[in-house]
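Let me begin by presenting the structure, written as structure tokens, before commenting on it.
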Amino acid sequence: MTGEFGGALPAAVEEGVGGFRTTIENTTERGGVNYGEFIEEVRTFMDRARAACPTTELNDDILSRLRAINDLLKGVTIDEWYAPSGTRTDLPARGNIMLPPYTFLDQGADGVVATLRFRRFHLGGNSAVHGGYVGLAVDEVMGLAAGLARGITRTAYLTINYRSVTPLDTDLELKAWVDRTEGRKTFLRATLSDGDRVCADAEALFILLNPGQR
Ligand SMILES: CCCCCCCCCCCCCC(=O)SCCNC(=O)CCNC(=O)[C@H](O)C(C)(C)COP(=O)(O)OP(=O)(O)OC[C@H]1O[C@@H](n2cnc3c(N)ncnc32)[C@H](O)[C@@H]1OP(=O)(O)O
């Protein structure tokens, strides 16, 4: 493993326990009680960084503060299985910084319904969400639907039809449901809607991972 974070993988992963765990320790304590506010502040930072045109002086001021903050965070880096970003299921989007914050309105073995809001940092162009971020959100929520129905799965393919522009800063609804299953294969469908208007629909195949599969 190379890179700052590659070396942080626990020995169990190196020994072939598997890339996705059948159980992931789920706590709402890691990162502390204000961790959700920290993640939200990071998202706000990304929104403002995306929108800002700083002066040279302001840029340099922010740069030196950011370097100090990054040094602080480097001192508390841990592996992905225990990092709160991605495993804090009490927080919108599991505390994952890159995802549009989403929360579930309904979830079960047949499918899930989530409400989500793309942000300025998800901008593609002309006030619309970047198509890749739509894919990120759809993959995430379909993956969770597949997970609730079957267990730990991985995306084999994901086809997205962009039906109309996806707006920023708007409460959207993302529905994902199981269409059919065949052995390890789970075929799902999804729709992303702004009220009655469909922004995108998708179909995907998720494969149930074998024990120990990386
Ligand atoms: C507390 C914390 C909570 C955390 C929650 C976490 C939730 C996270 C939610 C986030 C979610 C994010 C999720 C992500 O983003 S997952 C990341 C993105 N996906 C990947 O990186 C996947 C890379 N690919 C692979 O790993 C393997 O290829 C997989 C695992 C997919 C299959 O390789 P494997 O060796 O295992 O199986 P197989 O090759 O024998 O295939 C099995 C069957 O499937 C059929 N097949 C395969 N591929 C395709 C295809 N493209 N079209 C049509 N069919 C396909 C194949 O013909 C066969 O069919 P059959 O012959 O049996 O009939």
Side-chain angles (χ1 to χ4, degrees), residues 1 3 5-6 8-10 12-14 16-33 35-36 38-39 78-116 118 122 130-161 172 174-192 200-214:
M1 285 291 172
F5 301 103
L9 284 173
V13 172
E14 300 298 341
V17 164
F20 280 167
R21 303 294 176 86
T22 49
T23 54
I24 297 173
E25 195 185 333
N26 175 17
T27 76
T28 55
E29 287 95 43
R30 282 196 288 260
V33 288
Y35 184 78
F38 163 66
I39 292 296
I78 61 170
D79 71 71
E80 70 172 89
W81 308 104
Y82 296 95
S85 180
T87 60
R88 278 283 300 258
T89 50
D90 57 318
L91 299 177
R94 297 184 281 123
N96 182 323
I97 298 160
M98 298 309 296
L99 285 161
Y102 68 78
T103 53
F104 285 113
L105 302 175
D106 194 18
Q107 52 181 304
D110 292 336
V112 299
V113 182
T115 180
L116 76 163
F118 289 97
H122 295 115
H130 192 296
Y133 285 123
V134 171
L136 172 69
V138 169
D139 189 26
E140 163 81 7
V141 173
M142 288 179 114
L144 285 161
L148 282 171
R150 304 298 305 279
I152 302 296
T153 58
R154 191 176 289 156
T155 324
Y157 68 70
L158 169 60
T159 302
I160 299 177
N161 300 301
L172 305 173
L174 179 44
K175 289 184 188 170
W177 65 97
V178 175
D179 187 38
R180 67 186 194 282
T181 61
E182 289 170 21
R184 293 169 61 212
K185 298 188 278 191
T186 305
F187 296 87
L188 295 107
R189 292 185 175 275
T191 55
L192 176 68
D201 56 47
E203 55 179 60
L205 169 61
F206 283 74
I207 307 290
L208 189 66
L209 293 186
N210 288 319
Q213 186 168 354
R214 295 200 70 175

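Positions are given from 1, in the same order as the sequence printed here. None of the values given here were measured: they were computed from a predicted structure. In listed order, ligands and their atoms are each counted from 1.
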- prompt: For Tyr157, is at least one N or O under 3.5 Å away from an N or O on ligand 1?
  reply: no
Using side chain to side chain donor-acceptor pair (under 3.5 Å), reason through Arg150 and Thr186 one step at a time and then give a plain yes or no. CA-CA 8 Å; Arg150 304 298 305 279; Thr186 305; 2.9 Å; yes
### Task
Give yes if a backbone or side-chain nitrogen or oxygen of Thr155 is under 3.5 Å from a nitrogen or oxygen of ligand 1, and no if not.
yes
Note: heavy atom closest to atom 30 (C) of ligand 1, options Arg184, Arg88, Gln213, belongs to Gln213
Examine distances only and state if a side-chain atom of Gln213 and a backbone atom of Asn210 form a donor-acceptor pair shorter than 3.5 Å. yes
Out of Arg154, Met142, Glu140, the nearest non-hydrogen contact to atom 21 (O) of ligand 1 is supplied by Arg154
Check: of Leu148, Thr87, Ile207, min heavy-atom distance to atom 32 (C) of ligand 1 comes from Ile207
Tightest non-hydrogen contact, residues Thr153 and Leu208, listed as CG2-CA, 3.8 Å
*Could you label the plane-to-plane angle of the Phe104 and Tyr102 rings as parallel, tilted or perpendicular, counting under 30° as parallel and over 60° as perpendicular?*
perpendicular
Review point. Do any nitrogen or oxygen atoms of Thr89 come within less than 3.5 Å of a nitrogen or oxygen of ligand 1?
Key: no
For a salt bridge (charged side-chain N to carboxylate O under 4.0 Å, His left out) check, start with the C-alpha distance between Arg88 and Glu29, then their side-chain angles and the critical distance, and finish with the verdict. CA-CA 8 Å; Arg88 278 283 300 258; Glu29 287 95 43; over 6 Å; no
Q. Does a donor on one side chain sit under 3.5 Å from an acceptor on the other, for Thr155 and Asp139?
A. yes
Problem - Lys185, any N or O under 3.5 Å of ligand 1 N or O - result: yes
Nearest heavy atom to atom 55 (C) of ligand 1, choosing from Leu205, Leu208, Thr28, belongs to Leu205
Salt bridge (charged side-chain N to carboxylate O under 4.0 Å, His left out) filter on Asp110, not counting sequence neighbours, yields none
Does Arg94 come within less than 4.0 angstrom of ligand 1, counting non-hydrogen atoms of the residue?
yes
